[in-house]
Amino acid sequence: MPAHSRPGFPKAPPPRGPNSPRIPSFYRPRPSATPPLTGPRLRSALPARKIVGLLSELRPQQMFLRAVSSGLTSLFRTPGLAAVTAMSTGTFVQLDPLNYRDGARVEPVDSSGTEKAFEPATGRVIATLQCSGETEVHLAVKSAKAAFEIWRKKSGMERGQVLLEAARLIKEQKDAIATMETINNGKSIFEARLDIDTSWQCLEYYAGLAASMAGEHVQLPNGSFGYTRREPLGVCVGIGAWNYPFQIACWKSAPALACGNAMIFKPSPFTPVSALLLAEIYTKAGAPPGLFNVVQGGAATGQFLCQHRDVAKVSFTGSVPTGMKIMEMSAKGIKPVTLELGGKSPLIIFSDCDLEDAVKGALVANFLTQGQVCCNGTRVFVQKEIIDKFTKEVVKQTQNIRIGDPLLEDTRMGPLINGPHLERVLGFIKSAKEEGATVLYGGEPYEPTDPKLKHGYYMTPCILTNCRDDMTCVREEIFGPVMSILPFKTEAEVLERANDTTFGLAAGVFTRDIQRAHRVAADLQAGTCYINNYNVSPVELPFGGYKKSGEEVGMHKPATVASAATPVFLSL
Ligand SMILES: NC(=O)c1ccc[n+]([C@@H]2O[C@H](COP(=O)([O-])OP(=O)(O)OC[C@H]3O[C@@H](n4cnc5c(N)ncnc54)[C@H](O)[C@@H]3O)[C@@H](O)[C@H]2O)c1
């Protein structure tokens, strides 16, 4: 999941009707007299739940911020999330409990160890989380089951109202949530705000769907009739990645809750903080306590969740190797699973493109969130006639990307998520050079001039040329700001090379030839294909993958985003 608010795209969708292509997958499929349908019938649905309001309004006594300024350390109660908005890099520490159960923050009753969460911009520890043990996971499931019994009896309209209120609260607190996201994840505040927009939009979207998801009436011979009902699955588990922490929590919980389920969400241990804000918002919006619980932890906690006999479904966002384990565990319990996994997506730039847009598109496809985006178009295929011109311009624009304190308004690239990940990304660049690639620009550790950022995990965005399809940097997901440029001659050739991958999350094409654009989009084996744009993710469209990028059981329903908007420009 991306997850993915994308700049330059039309604004907030209104709630949609039942015929929308994006059907939640958290309903229990029911036997039907009619031939099986794709979409609603094949998919299942997640739990719905209220939003708990602001931290300050809910439990001011539990929210502390440690402010470090001018060498002095003070501990004070926050006057609310608004205080977070006003915070600067290097000052936030989260001391509240990070689990959420029965409508309140709690410490887990048992734990399988602790994990430290960092502020990537400074390398400071901002939270130490207790990894929930088996007993805590069981308590979270028990609490969610009780909430489910209340929630499943609500009408779709009632569930939609709670989701709408939650969306409103997110909107109201957008800047504060975005600030928290930037502090814990490192993405620029400019991007974090866009993520929060697609978060509340998702809740609004499913709020609109909730009341209209219905079963069918079927006429039978001799005046008899039959009908189908749409029933929620029960307690669903959401497991998230660290690159879009709040947005992933919303994108998983909104469809689940809209369909009448309860959800237990486990964030990545790298980004434990913002899911709590969503839990509090749901509670404040009127969800019964327990409907959206948060348990913190790593692999062991995730396994307890997946293996729990009362968990009906697992929705996972993360890497392919973990996705395989999740699928295996879920198979043992005959549980449906949704997998949103990694990618190595192609971006194809034909010589008849609008070059300026194509360059912007390549930047957006590679450097958002410091390149830590699942659907990034990191294999940039450029037609030979324009490759020199394209490369020169893309290097020029990349040099202008402002790297630094992610909370500053004009920063466009912040730090990577942590030290080991930065080392891993730099390792890919080293091996690319060893295999014969040329670094045209970047790919080095970077130290911003501001001394408080000295221990942050920064690097310069990297552009590689002289790449071949068989190189490690071209085949494997790097998950960092590394663009590989590859020349091509013909449409047929580039299609074959673009599809020659075990992934299939996204793809892009830049051309002025409208017929070619749609022909190529149709032949690309990818869950989403962008035409003359990249990395826009409207909530109305499905987001899934081919091959190892993951998908729900069922037919591929690839989305093509043919954009009239210009790709957002990353440099200032
Ligand atoms: N397709 C999408 O929508 C999408 C969106 C965002 C990120 N991603 C992918 O996510 C990956 C990066 O995220 P990551 O590093 O957090 O991935 P990861 O697979 O390491 O971890 C993802 C989550 O799974 C948990 N986990 C790890 N081992 C587990 C186990 N054995 N059982 C249960 N849970 C377990 C982690 O604690 C974390 O919450 C990239 O590959 C990226 O492409 C995909």
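Numbering of ligands and ligand atoms starts at 1, following listing order.
Closest heavy-atom approach to atom 38 (C) of ligand 1 within the set Gly302, Gly240, Gly318: this belongs to Gly240. Of the candidates Gly323, Gly343, Ser319, the one placing a heavy atom closest to atom 17 (O) of ligand 1 is Ser319. The closest heavy-atom contact to atom 21 (O) of ligand 1, among the options Val237, Asn376, Thr322, comes from Thr322. With atom 33 (C) of ligand 1 as the reference point, the heavy atom nearest to it among Ile326, Thr528, Leu341 is part of Ile326.
Contacts of Val373 with ligand 1, taken as heavy-atom pairs under 4.0 Å, are absent altogether. Residue contacts with ligand 1, taken as heavy atom pairs separated by less than 4.0 Å, involve Glu477 solely via side-chain atoms from C-beta onward. Of all the heavy atoms of Leu505, the ones lying under 4.0 Å from any atom of ligand 1 belong exclusively to the side chain. Contacts of Pro321 with ligand 1, taken as heavy-atom pairs under 4.0 Å, are absent altogether. Only side-chain heavy atoms of Phe316 come within less than 4.0 Å of ligand 1; its backbone N, CA, C and O stay farther off.
Between the side chain of Asn185 and the backbone N or O of Leu416 there is no donor-acceptor pair closer than 3.5 Å. Under the 3.5 Å distance criterion, the side-chain polar atoms of Glu477 are matched with a main-chain donor or acceptor of Gly343. Side chain of Lys344 to backbone of Glu476: a donor-acceptor contact under 3.5 angstrom is found. No donor-acceptor distance shorter than 3.5 angstrom exists from the side chain of Asn99 to the backbone of Val106, with no hydrogens or angles considered. Between the side chain of Ser549 and the main chain of Gly342, a donor-acceptor pair closer than 3.5 Å is present.
Two rings, from Trp251 and Phe246, have their centers 6.0 Å or more apart.
Listed by number with element, the atoms of ligand 1 under 4.0 angstrom from any heavy atom of Gln303 are 31 (N), 32 (N), 33 (C). Within the listing of ligand 1, atoms 37 (O) sit less than 4.0 angstrom from a heavy atom of Gly298. Close approach of ligand 1 to Pro267 is summarised as follows: ligand atoms under 4.0 Å from at least one heavy atom of the residue are 39 (O). Atom numbering of ligand 1 starts at 1 in the shown order; those under 4.0 Å from a heavy atom of Ala241 are 7 (C), 10 (O), 13 (O), 16 (O). Interface atoms of ligand 1 facing Pro269, defined by a heavy-atom separation under 4.0 Å, are 37 (O). Under a 4.0 Å criterion applied to the non-hydrogen atoms of Gly342, ligand 1 contributes the atoms 41 (O), 43 (O). Per-residue contacts place Ser268 under 4.0 angstrom from the following atoms of ligand 1 (heavy atoms of the residue considered): 39 (O). Short contacts between ligand 1 and Ile239, defined as distances under 4.0 Å to a heavy atom of the residue, involve ligand atoms 23 (C), 24 (O), 25 (C), 34 (N), 39 (O).
At least one heavy atom of Phe543 sits closer than 4.0 Å to an atom of ligand 1. Distances from ligand 1 to the non-hydrogen atoms of Met329 include at least one value under 4.0 Å. Residue-ligand proximity: Tyr244 is placed with every non-hydrogen atom at 4.0 Å or more from ligand 1.
At a 3.5 angstrom cut-off on N or O pairs, Lys325 does not count as close to ligand 1. Of the N or O atoms in Trp242, one or more lie within a sub-3.5 Å distance of an N or O in ligand 1.
Within a 6.0 Å sphere centred on NZ of Lys335, heavy atoms belonging to other residues, nucleotides or ligands number more than 12.
In this structure the side chain of Met413 reaches within 4.5 angstrom of the side chain of Pro481, judged on heavy atoms. Looking at Ser345 and Arg379, their side chains never come closer than 4.5 Å, going by heavy atoms from C-beta outward. Annotation: side chain of Glu340 is not in contact with side chain of Phe316 (no heavy-atom distance under 4.5 Å). Within the 4.5 Å cutoff, the side chain of Ile348 has heavy atoms near those of the Val520 side chain.
For the pair Lys187 and Tyr244, the cation-pi test (distance below 6.0 Å, angle within 45°) is passed.
Note on ring orientation: taking the six-membered ring where Trp is involved, the planes of Trp242 and Phe479 are perpendicular (angle over 60°, cut-offs 30° and 60°).
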